[in-house]
Amino acid sequence: MKEYKKQAAPVLLMAVLLAVWEGAVRIYHIPLYVLPSPVEVLEALKTEAAVLAGHAVVTVLEALAGIGIAFVLAIGIGIAMDRFPAVKRSVYPLLVVTQTVPMIVLAPILIIYLGFGMTPKILTVVLMCFFPIVVSFSDGMEQLDKEYVYLLRSYGAKTFGIYSLVKLPAAVPSLISGLKVAATYSISGAVVGEWIGSQEGLGYYLLRVKNGYMLDRVFASVLVIIILSLCMNGLIRIFQYVSMPYARKK
């Protein structure tokens, strides 16, 4: 019963906020181009469902491709950073520097060199998702108790055996944490790339309706972006359920 109460609290708070929002728009007769009501947003979502679905497919494909590439690169570079300290000393500062540059600045540069296709959008997602994955994965391996490594070496295990038997499994929880953050960023990264220059996708749709002052459709597209981000996070939770059976709640 206590668990249900904990889950009901945020839902109740959200319902109250939506009710206040709806009431304020109706009482003060706020025009649509200033602030649409939740009901008007839902009506726009229903009206534009087919169009939004088409653009959402493009954005999701870009996000999945980007986070997939970021995952593969993070695994390879994370292992290299853990295996060779010189690599970590050289690469880690560069990774930190990449996070100091706003993506809204990098996206136009990528479009200039790579065009208006899906490639710059996917690369934008990669740049946003790579850092949390590789850092969490590398830290997970680094925090492993050295006694496990010494034990395997005493039995004659080589580098491959140490990583496959101890280090990689031990880093899975940290890797999952990084993936959850990256998955939430992935949709936003794709939208940022589409916002700068695109002919399809939720970012393109959002820019088009914003320029037309159709704020009900702007909020509807934002709602779709939020839902897709939560779905991406849910995919990682499914991956966590499969890869970490020992952590399942009974």
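Note that the structure is a prediction, hence the values are computed from the model and not measured. In this chain, residues are counted from 1 in sequence order.
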Test side-chain contact (heavy atoms from CB on, under 4.5 Å) applied to Met141 and Leu168, step by step: CA-CA 7 Å; Met141 289 187 292; Leu168 294 182; 4.2 Å; yes
CG on Asp145 to OH on Tyr150, rounded to 0.5 Å: 9.0 Å
Heavy-atom side-chain proximity of Ile162 to Tyr148 below 4.5 angstrom: no
4.5 Å side-chain heavy-atom contact, Lys180 and Arg237: yes
Check ion pair Lys121-Glu62 (N to O, under 4.0 angstrom): no
Path from Met214 to Tyr205 over hydrophobic side-chain contacts below 4.5 Å: yes
Test item: His55 side-chain N/O and Leu202 main-chain N/O as donor-acceptor pair under 3.5 Å: no
Parallel, tilted or perpendicular, as decided by the 30° and 60° cut-offs, for the rings of Phe219 and Trp21: tilted
side-chain contact (heavy atoms from CB on, under 4.5 Å) evaluation trace for Leu206 with Val218: CA-CA 6 Å; Leu206 189 60; Val218 171; 3.7 Å; yes
Minimum-distance pair of heavy atoms, taken over all atoms of Ala65 and Ile122: CB-CD1, 3.8 Å
From OG1 (Thr159) to CG (Leu152), nearest 0.5 Å: 11.5 Å
Val126 reachable from Phe131 in the ILVMFWY side-chain graph, under 4.5 Å edges: yes
Closest heavy-atom pair and its distance - Gly178, Ser136: CA-OG, 3.3 Å
Any donor-acceptor N/O pair, Glu22 side chain to Val39 backbone, under 3.5 Å: yes
More than 12 heavy atoms of other groups within 6.0 Å of Arg208 CZ: yes
Single-linkage hydrophobic cluster, 4.5 Å side-chain cutoff, Val87 and Phe130 together: yes
Reported CE-to-CG distance for the pair Met232 and Leu230, which is rounded to 0.5 angstrom: 11.5 Å
CG on Leu64 to OG1 on Thr59, rounded to 0.5 Å: 11.0 Å
Within 45° cone of Phe160 ring axis and under 6.0 Å: Lys158 NZ or CZ: no
CA sep, side-chain torsions, deciding dist, call: Ile109, Tyr113, side-chain contact (heavy atoms from CB on, under 4.5 Å): CA-CA 7 Å; Ile109 298 175; Tyr113 288 106; 3.7 Å; yes
Any donor-acceptor N/O pair, Asp82 side chain to Gly78 backbone, under 3.5 Å: no
Shortest non-hydrogen separation from Phe137 to Ile75 and the atoms involved: CE2-O, 3.7 Å
Tyr163 side chain to Arg83 backbone, donor-acceptor under 3.5 Å: yes
Thr100 and Val97: CA distance, side-chain angles, deciding distance, side-chain contact (heavy atoms from CB on, under 4.5 Å) verdict: CA-CA 5 Å; Thr100 63; Val97 169; 4.2 Å; yes
Atom OH of Tyr185 with >12 non-hydrogen neighbours under 6.0 angstrom: no
Shared hydrophobic cluster for Val91 and Ile69 (ILVMFWY, side-chain gaps under 4.5 Å): yes
Nearest heavy-atom neighbours spanning Gly189 and Val125: C-CG2, 3.8 Å
Minimum-distance pair of heavy atoms, taken over all atoms of Ala220 and Leu52: CB-CD1, 4.4 Å
Gap between atom CD1 of Ile30 and atom CG of Leu215 - 0.5 Å precision: 11.5 Å
Considering all heavy atoms, the nearest Pro36-Leu32 contact: CB-CD1, 3.4 Å
Separation of Leu73 CG from Ile133 CD1 (nearest 0.5 Å): 9.5 Å
Side-chain (Ser138) to main-chain (Val134) donor-acceptor, under 3.5 angstrom: no
Check: Ser37 main-chain N/O paired with Glu40 side-chain donor or acceptor under 3.5 Å: yes
Residue pairs passing the salt bridge (charged side-chain N to carboxylate O under 4.0 Å, His left out) test where at least one lies in residues 187-203, sequence neighbours excluded: none
hydrophobic_cluster_shared for Val51 and Ile226, side chain cutoff 4.5 Å: yes
